[in-house]
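Presented below is the structure to which this report refers.
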Amino acid sequence: MNRPSNFMPTPDQDVLDVKPLRTLAPMFPAPLGVNTFNQSTSPPLIFVTPAGQFQGGFGDWNNSVAKSFFAFGSKDAGVGKAHTFGDQNADDGKAATFGDQNTDDGKAATFGDKDASGSQNTAIGDQDCAGGQPAAHWSSDVSANANGPIDTTPITVYRATQPNVISLDDDDDDDENYVANQTSASGRKIKRPSRLSRYNMNDGLGSDSSNSTKTKRPKASHKKASADNELTMVPPSGDPREIVEAVLMTFEALRRRHLQMDEAQETSKRADLKAGAIMMASNLRANNTGKRIGVVPGVEIGDIFYFRMELCVIGLHAPSMAGIDYMVAKFGDEDDSVAICIVAAGGYDNNDDDTDVLVYSGSGGNSKNNEERHDQKLERGNLALERSLSRKNVIRVVRGYKDPGCLTGKVYIYDGLYRIHESWKEKTKNGIICFKYKLLREPGQPDGVAIWKMSQKWVENPTTRGNVLHPDLSFGAENLPVFLVNDVDNDKAPQHFTYITQVKHSKPLSSMNPLKGCRCLSVCLPGDANCCCAQRNGGNLPYSSSGLLVCRKPMVYECGESCQCSFNCRNKVTQKGVRIHFEVFKTGNRGWGLRSWDPIRAGSFLCEYVGEVIDDAKCDLNSHEDDYMFQTLCPGEKTLKWNYGPELIGEQSTNISPDTFEPLPIKLSAKKLGNISRFMNHSCAPNVFWQPVQFDYEDDRHPHIMFFALKHIPPMTELTYDYGDIGTDSSGVPRAKNCLCGSSNCRGFFI
DNA sequence: GCAACTTCAGCTCG
DNA sequence: CCGAGCTGAAGTTG
């Protein structure tokens, strides 16, 4: 892949560059073809818009006038770089003109000029409320209609559990038996020994073997914890989507916490398996009432996953390893074992351009250990695929791709329903006979992988993105360009504002106490009891080695300037700035919004809420008019329960309930000065949350407000957070707006 | 490249 | 016939 080297560097890739990011030109060069607007000469820019191709980018983008208008320099380092959009001075109007090769409607293209046509667009930015159905996401119902005549009744070869899709063990005995299984002495009903028992959270791995009598005892607290949380876990609505999301969120929380512990103890790094085993043992799963053909409730086309175990716990694809999931289903009077879901691992070179066709290789035949390769056999999964060809049942397809954000990782994308149209045998390069199945995507389904492919193409070559109004709203101030696009109407720009990357404080920074730093050499290590930064965070580093936030908490303390550790310390995450390809886009009915070209993992840092710090007194006067005011109001349950995991393994919950939630005094206005965060809309079913972070100044009342991903977010999905509930703001008169998010638990209004 | 690990199907046994 | 319990097969992940 021709991925630019600047693409979401992982910690391993972090260059040994200690320049403070926010005050200098982009640390990572922008992709070729994008003018970074720094002092160096820029390559010719070719953009393609629906209106046709034009050179030189956006109007006078490349010329010296533009450059001087967007003059850079370190002189404004105090507040980071500030670049004014659509300067209000008439003189600069020309320089601010963009997005149009002609001059005839230059006025309309004038960026954010308050007098230009753009001003009609009053409903912009974060005053608006995002839909619960993100742009790249559709309800499963759509694809359900495309199923065709599948009237088979799945025979459950599965033990049927409670009809409740997510069911915690309501039978305490089960867990007891599960533990009792270690001795096999109880004589009572014994749950099949999960290999969870081999995961001892403290001892690491049992060195051998599959012999269950040698297995170690899982943490005893496990049982109690799962019972305690029964009520907090089940989403009140019973909505399948909510349940799936709750299960995935729990899995992730558990996984992150286990990884954190593993990293501290340098033990096994298979936190995914541990989390999965706990979920299985506690019956914390979705859609576990039996396998099924076709749509899985609560799983939507385009959903992304990072571990096979995730597919498992939501009932999308049961086998933890195998690529073919199958079941016995009824066809008329006959039973047949047919394939129901496949995971195309992406190891084969399919015709990648046609996302509606998939040639899938049968399973087996690979040499493992000492065995030799052999021809594939028509049995199990392969046989089921063959039966599916004749039975013509739909098959769910999950496609695996290399994770662009992680060198070694993989992303799985649910791509909806396919049907097998053809099968044949083929001799592979290795000389073995292998089965091939040609699947065609059922028509009428929303795009899944197609969107992924498209946005990946944009990342590699941004000039392929159409409808671009501006190639970088940040004018080079962010690590990566922020595109401004409009696919829906003629609006040319949001209302005027000035792009800054650091919060503007009302009082001089020198009056604030610097945060005390640690003395760790090189990097802070997890498990180092002497690291005062870890201590400040409660004994653990708040981020995993890949930079994901482990837990939401009242405050996260990163290492800062006064620490002795290096730039590469894993406890420096948010201060390094944006690592995601964002675009500000025009939504259908909620003004402008924010979304990403990259897939985003739950726990990833997105961006900071940047604006002017507003004094309390001043705020009361202004808050009515300021739609860009950020306040730490109590968010909804989804956000508050992001940390569900720790309780499951008997640790103290770090959750905050609405009753105990206390807002911080900080108030930030991004009306005049701001960054991408000001475009994030509200949703009662958000995919982003805010988290207070400190790394430079010691001030619990005025920390940085950082945004993190609440769940995995597919590319091109609108990013939204919960603006907070009404009535929690004690100062001033709260304004309630009608909420349009449309989520099943929409509160109907927001601040 | 290797070691370590999972879930479930499919079987046997009582 | 049913459920418990065992084994083998599948590939993922670090």
Side-chain angles (χ1 to χ4, degrees), chain A residues 10 12 155-160 174 177-178 180-181 184 186-200 204-213 215-216 251 255 258-259 262-263 266-281 283 285 288 290-291 305-328 337-348 361-371 374 376-377 379-385 398 400-403 406-412 544-546:
Chain A
T10 65
D12 320 319
I155 291 181
T156 176
V157 289
Y158 224 57
R159 58 182 180 280
D174 262 10
N177 284 331
Y178 166 74
N181 176 62
S184 303
S186 74
R188 294 158 66 193
K189 188 185 79 176
I190 292 179
K191 208 174 205 174
R192 193 173 171 278
S194 158
R195 300 241 162 83
L196 165 66
S197 46
R198 268 191 264 157
Y199 290 120
N200 185 298
L205 301 174
S207 54
D208 56 11
S209 62
S210 54
N211 185 337
S212 60
T213 60
T215 56
K216 291 181 182 170
F251 172 87
R255 195 195 63 82
H258 272 285
L259 188 59
D262 286 349
E263 284 176 348
E266 292 187 67
T267 53
S268 151
K269 295 280 160 55
R270 293 302 301 271
D272 57 319
L273 298 183
K274 291 184 189 174
I278 292 170
M279 302 286 287
M280 290 293 188
N283 211 9
R285 316 164 59 171
N288 58 342
K291 294 193 179 190
F305 309 92
Y306 288 83
F307 294 93
R308 285 291 300 265
M309 209 51 94
E310 290 178 301
L311 309 178
C312 224
V313 293
I314 59 168
L316 185 61
H317 185 90
S320 58
M321 296 168 134
I324 307 167
D325 194 4
Y326 56 102
M327 68 179 290
V328 175
S337 177
V338 293
I340 55 171
C341 184
I342 58 173
V343 178
Y348 310 94
S361 302
S363 79
N366 297 319
S367 62
K368 59 177 182 188
N369 299 337
N370 304 324
E371 291 171 31
H374 56 81
Q376 291 187 344
K377 293 175 192 150
E379 58 182 22
R380 302 170 195 280
N382 297 345
L383 181 60
L385 285 168
V398 178
Y401 292 95
K402 221 174 93 54
D403 179 3
C406 170
L407 287 176
T408 55
K410 218 170 186 182
V411 189
Y412 298 96
S544 71
S545 60
S546 49

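Throughout, protein chains are lettered first and strands after them, A, B, ... in sequence-line order, and every chain is numbered starting at 1. Just so it is clear, the values below take in all heavy atoms, side chains as well, and ignore hydrogens, waters and symmetry mates.
- The side-chain contact (heavy atoms from CB on, under 4.5 Å) check on A:Ala339 picks up A:Ile324, A:Ala384, A:Leu385, A:Ser388, A:Ile395, with sequence neighbours excluded.
- Contact between the side-chain N/O atoms of A:Lys377 and the OP1/OP2 oxygens of C:dA9 is not found at any separation under 4.0 Å.
- The side-chain contact (heavy atoms from CB on, under 4.5 Å) test applied to A:Ala322 returns A:Pro319, not counting sequence neighbours.
- In this structure, A:Asp403 atom CG and C:dT13 atom P are separated by 11 Å, rounded to whole Å.
- Between A:Tyr412 and C:dT13 there is a side-chain polar atom (N or O) within less than 4.0 angstrom of OP1 or OP2.
- Of the two residues near DNA chain C, A:Asp272 and A:Ala322, the one whose nearest nucleotide lies more 5' is A:Ala322.
- Remark: P of B:dA4 and CE of A:Met309 are 18 Å apart, rounded to the nearest angstrom.
- Checked against salt bridge (charged side-chain N to carboxylate O under 4.0 Å, His left out), A:Asp272 has the following partners two or more places apart in sequence or in another chain: A:Arg270.
- At whole-Å resolution of the value, NZ in A:Lys402 and P in C:dT13 are 13 Å apart.
- Axis deviation across the helix from B:dC2-C:dG14 to B:dG14-C:dC2 amounts to 20°, comparing end segments of five pairs, rounded to 10 degrees.
- Comparing A:Glu379 and A:Gly409, the nucleotide of DNA chain C nearest to each residue sits closer to the 5' end for A:Glu379.
- Closest heavy-atom contact between A:Arg380 and A:Tyr326: CB-OH, 3.6 Å.
- Remark: P of B:dA4 and CG of A:Leu273 are 14 Å apart, rounded to the nearest angstrom.
- Of all non-hydrogen atoms in A:Ala271 and A:Leu259, the two that sit nearest each other are CB-N, 3.5 Å.
- Atom CZ of A:Arg308 is separated from atom C1' of C:dT12 by 7 Å (rounded to the nearest Å).
- Remark: P of B:dC8 and CG of A:Asn288 are 10 Å apart, rounded to the nearest angstrom.
- For A:Asp325, the side chain to side chain donor-acceptor pair (under 3.5 Å) test picks out A:Lys291, with sequence neighbours left out.
- Side-chain atoms of A:Arg285 lie closest to B:dC8 of the nucleotides B:dT6, B:dC8, C:dT12.
- Here A:Gln376 pairs with nothing under the side chain to side chain donor-acceptor pair (under 3.5 Å) rule; sequence neighbours left out.
- Within 4.0 Å (heavy atoms only), A:Asp325 reaches no atom of the nucleic acid at all.
- Nearest to the side chain of A:Arg270, among C:dT12, B:dC8, C:dA9, sits C:dT12.
- Atom P of nucleotide B:dT7 and atom CD of A:Glu310 are separated by 15 Å, given to the nearest angstrom.
- Considering only side-chain atoms of A:Tyr326, the nucleotide from B:dC8, C:dT12, B:dG10 that sits closest is B:dG10.
- The nearest whole Å value for the distance from the NE2 atom in A:His258 to the P atom in C:dG14 is 15 Å.
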